[in-house]
**Student:** 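Got a structure for you, questions after.
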Amino acid sequence: MQYRPFILLVCSVLLCACGDEANEATPADGEGPAATDARERELRKTRALDAVGYDGSVVEKNLRRTLERTDERADETEAARRALDGQ
């Protein structure tokens with residue numbers, strides 16, 4: 001049972017990667033409202049896990065928290081890089 005969270009995460013990432021991104025207009029840097037809307041649409045797709053016996057809303061919540069932490073870490077890294085470049 002210790003592999004179950006990992007399998008859930010992999011399945012949810014795969015489900016999120018199945019979107020039709022060719023039609024989405026997102027800024028080149030991945031920021032802005034279009035990128036946020038695209039992320040929300042992709043996160044909602046994790047609710048489809050209900051069909052295979054998992055709680056899709058819990059997976060969505062965990063994935064959302066992981067993505068927020070990743071964004072925060074990227075912002076911190078970018079700030080540190082800018083601080084080093086400014087010296």
**Student:** Can you name the nearest heavy-atom pair linking Val58 to Asp55, along with the distance?
**Tutor:**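 The answer is CG2-OD2, 3.0 Å.
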
**Student:** Working to the nearest 0.5 Å, report the span between CG of Leu63 and CD of Glu68.
**Tutor:** 10.0 Å

**Student:** Working to the nearest 0.5 Å, report the span between OG of Ser57 and CG of Leu49.
**Tutor:** 10.0 Å

**Student:** Under the salt bridge (Lys or Arg N to Asp or Glu O under 4.0 Å) rule, collect the residues that match up with Arg65, sequence neighbours excluded.
**Tutor:** none

**Student:** Taking only residues two or more places apart in sequence or in another chain, which ones pass salt bridge (Lys or Arg N to Asp or Glu O under 4.0 Å) with Glu40?
**Tutor:**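 In terms of salt bridge (Lys or Arg N to Asp or Glu O under 4.0 Å), with neighbours along the sequence ignored, Glu40 is linked to Arg64.
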
**Student:** Is it true that Glu42 and Lys45 make a salt bridge, defined as a side-chain N closer than 4.0 Å to a carboxylate O?
**Tutor:**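 Looking at Glu42 and Lys45, the cut-off is met.
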
**Student:** Measure the OH-OG1 distance between Tyr54 and Thr46 for me, rounded to the nearest 0.5 Å.
**Tutor:** 14.0 Å

**Student:** One pair to check against salt bridge (Lys or Arg N to Asp or Glu O under 4.0 Å): Asp37 and Arg41. What are the steps and the verdict?
**Tutor:** CA-CA 6 Å; Asp37 292 341; Arg41 283 194 303 273; 5.4 Å; no

**Student:** Tell me, please, which residues at least two apart from Arg39 pass salt bridge (Lys or Arg N to Asp or Glu O under 4.0 Å).
**Tutor:**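 Scan of Arg39 (salt bridge (Lys or Arg N to Asp or Glu O under 4.0 Å), adjacent residues dropped) gives Asp71.
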
**Student:** Can you measure from CD (Glu78) to CG (Asp75) and round to the nearest 0.5 angstrom?
**Tutor:**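 So the gap between those two atoms works out to 8.5 Å.
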
**Student:** Please step through salt bridge (Lys or Arg N to Asp or Glu O under 4.0 Å) for the pair Arg47 and Glu60, ending with a clear verdict.
**Tutor:** CA-CA 7 Å; Arg47 293 181 188 160; Glu60 178 185 0; 2.7 Å; yes

